[in-house]
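Here the structure comes first, spelled out in structure tokens, and everything after it is commentary.
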There are 2 protein chains.
Amino acid sequence: MALRHAVLAALLDGEFSGYQLAKAFDIGVANFWHALPQQLYAELARLERDGLVAGRQVVQETRPNKRLFRVTEAGRAELEAFAAAASKPSFIRDDLLVKVQAADRVGTAPVIGQLEERASAAEAKIELLSALLRQLRGDVDEEEFLLRGERIGPYLTCLRGLAFEREHRDWCLRIAAVLRERRRATHGER
Amino acid sequence: MALRHAVLAALLDGEFSGYQLAKAFDIGVANFWHALPQQLYAELARLERDGLVAGRQVVQETRPNKRLFRVTEAGRAELEAFAAAASKPSFIRDDLLVKVQAADRVGTAPVIGQLEERASAAEAKIELLSALLRQLRGDVDEEEFLLRGERIGPYLTCLRGLAFEREHRDWCLRIAAVLRERRRATHGER
DNA sequence: CCTCCATACTCAAAAATCTGACTAGTCAGT
DNA sequence: ACTGACTAGTCAGATTTTTGAGTATGGAGG
């Protein structure tokens with residue numbers, strides 16, 4: 001039941017609509033949780049029903065009205081309890097890794113292409129996260145910010161995301177190079 | 001539908017029973033996919049029904065009989081098609097990261113403990129994977145093995161798992177240190 | 001002797017997640 | 001005038017994953 005807590009955690013930084021949350025779940029929040037918009041709207045409805053968030057209607061002229069949500073005291077308490085409870089271990093689940101596992105038995109050509117695409121995507125995400133981190137910490141340097149910044153949660157999770165993407169990019173490039181080299185060496189046996 | 005392909009990929013290295021696969025999904029295969037034994041048995045049944053794997057009964061004296069499965073030609077073709085199709089991006093989904101995101105708003109004490117536990121767990125996994133890698137490559141060094149080894153798929157995915165665990169351990173320790181330092185600096189405001 | 005652990009599986013049901021389609025208005029570009 | 005993208009959602013249904021409880025046998029340790 002961690003989607004619920006991911007939403008609460010994301011709402012700690014202000015009031016957001018389901019639509020805005022969906023954006024956040026594509027960038028910063030994506031570093032620790034992934035969810036589709038439909039899930040978020042449904043979860044927000046449940047959270048409101050349970051009194052963990054409160055929503056208010058905002059009427060807009062030029063675009064559709066929206067509902068902004070904020071965490072209630074009960075919601076904060078729920079997060080507190082969640083933080084104190086045991087975590088389950090995290091897992092990688094990745095199509096591409098499945099393909100690499102099978103690669104030298106089923107043909108490497110398409111996998112090499114995908115590895116390189118992934119590396120590019122990771123690179124783009126690295127840029128994005130680096131910019132986000134700079135923005136979050138403002139002028140001060142990282143050490144200083146981490147010690148004295150008043151809100152460091154999102155920064156810390158972005159750091160994790162950044163490290164993950166770098167790792168991912170490097171691995172993809174390395175493996176692509178290895179597979180290419182092997183193809184060269186055995187000149188097209190596969 | 002990647003569990004199905006993860007199972008096929010795992011079966012590329014020999015005949016395994018559901019029980020043995022469950023073990024593999026706890027160690028090596030866990031580097032790219034996670035599944036509970038019940039899922040594996042169910043998936044193996046479906047795969048057999050669809051002709052992608054073939055099972056045979058092995059009668060044992062001192063323990064329960066088992067069924068060993070191997071990938072059929074159709075199964076190999078299925079994997080080939082899967083490898084050629086587009087992959088979906090991979091996501092981290094981690095309870096603990098949710099807690100870190102919320103940490104400076106809901107109390108850091110329990111989170112620090114969990115970060116340090118996680119770091120230990122990651123350390124153990126690092127040992128395990130390092131040993132597994134040594135075993136997979138035998139005497140030769142990595143460069144040599146990757147270039148000329150005949151089966152490198154599992155090695156490559158373990159490399160990814162190892163990098164992930166190292167990254168994870170380092171991040172956990174870093175964040176735990178940061179949170180501890182902040183507690184010290186503000187002496188128990190939270 | 002008794003309990004725990006390992007092997008080897010099965011069944012049912014709940015919960016979480018994903019797929020796909022749909023509404024409806026605004027704005028920018030061709 | 002038309003197309004496509006962005007805002008801001010909703011609904012239904014399928015699929016996947018998790019939770020929890022069983023079955024049955026053999027060997028090891030106390």
Side-chain angles (χ1 to χ4, degrees), chain A residues 1-8 15-27 29-30 32-50 53 55-69 82 85-95 98, chain B residues 1-7 15-27 29-30 32-50 53 55-69 85-95 98:
Chain A
M1 247 212 317
L3 170 58
R4 131 167 302 209
H5 302 106
V7 169
L8 286 172
E15 279 188 323
F16 296 101
S17 67
Y19 190 78
Q20 287 173 297
L21 265 187
K23 301 253 147 148
F25 269 74
D26 266 1
I27 312 172
V29 183
F32 54 92
W33 210 265
H34 164 77
L36 299 166
Q38 297 95 310
Q39 277 177 275
L40 299 178
Y41 289 114
E43 195 60 51
L44 282 170
R46 273 190 293 271
L47 283 165
E48 190 176 26
R49 187 199 61 198
D50 298 345
V53 306
R56 67 184 177 91
Q57 181 85 3
V58 173
V59 178
Q60 299 185 118
E61 313 249 295
T62 143
R63 19 191 101 189
N65 298 339
K66 61 182 171 182
R67 301 201 68 217
L68 293 184
F69 296 90
F82 173 69
S87 314
K88 18 189 113 162
S90 70
F91 298 111
I92 295 184
R93 237 176 203 168
D94 191 339
D95 274 17
V98 176
Chain B
M1 244 207 324
L3 170 58
R4 132 166 302 210
H5 301 106
V7 169
E15 278 188 323
F16 296 102
S17 65
Y19 191 79
Q20 288 172 297
L21 265 187
K23 302 254 147 149
F25 269 74
D26 266 2
I27 313 171
V29 183
F32 55 94
W33 210 264
H34 164 76
L36 298 166
Q38 295 95 308
Q39 275 178 277
L40 300 178
Y41 287 115
E43 195 60 50
L44 281 169
R46 274 191 293 270
L47 283 164
E48 189 176 26
R49 186 200 61 198
D50 298 345
V53 306
R56 66 184 177 92
Q57 180 85 5
V58 173
V59 179
Q60 298 184 115
E61 313 248 294
T62 142
R63 20 191 99 187
N65 297 339
K66 62 182 172 183
R67 302 201 67 216
L68 293 183
F69 296 89
S87 314
K88 18 187 113 162
S90 71
F91 298 112
I92 295 186
R93 235 173 206 169
D94 190 339
D95 273 17
V98 177

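Just so we're on the same page: letters track the sequence lines, and every chain starts at 1. Keep in mind that the numbers below use all heavy atoms, side chains included, and drop hydrogens, waters and symmetry copies.
Within the 4.0 Å cut-off from OP1 or OP2 of C/dA8, not a single side-chain nitrogen or oxygen of B/K23 is found. Distances shorter than 4.0 Å separate none of the side-chain N or O atoms of A/Y19 from OP1 or OP2 on D/dG9. Phosphate contact (OP1/OP2 of D/dA8, side-chain N/O of A/Q60, threshold under 4.0 Å): present. Distances shorter than 4.0 Å separate none of the side-chain N or O atoms of A/Y41 from OP1 or OP2 on D/dT10.
Without hydrogens or angle criteria, B/Q39 side chain to B/L36 main chain gives a donor-acceptor distance under 3.5 Å. When atom types are taken as modelled, the side chain of A/R93 and the backbone of B/H34 share a donor-acceptor pair closer than 3.5 angstrom.
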Stepwise, does the side-chain contact (heavy atoms from CB on, under 4.5 Å) test hold for A/Q20 with A/L68? CA-CA 9 Å; A/Q20 287 173 297; A/L68 293 184; 3.5 Å; yes
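You'll find the side chain of B/F25 reaches within 4.5 Å of the side chain of B/L3, heavy atoms only. Side-chain contact check for B/W33 versus B/V7: every heavy-atom pair is 4.5 Å or farther apart. Side-chain contact between A/D50 and A/R4: present, with at least one pair of heavy atoms (C-beta onward) separated by less than 4.5 Å.
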Within the 4.0 Å limit for protein heavy atoms, which parts of nucleotides 13-26 of chain D are touched? Write it as a string from 5' to 3', B for base, S for sugar-phosphate only, - for none. ---SSBBB-----S
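Here D/dA8 presents its P atom at 13 Å from CZ of A/F16, a figure rounded to the nearest Å. Remark: C1' of D/dG9 and CG of A/L40 are 12 Å apart, rounded to the nearest angstrom. For the pair A/E48 CD and D/dT10 P, the interatomic distance rounds to 11 Å; values are reported in whole Å. Rounded to an integer number of Å, the gap from A/E43 CD to C/dC18 C1' is 15 Å.
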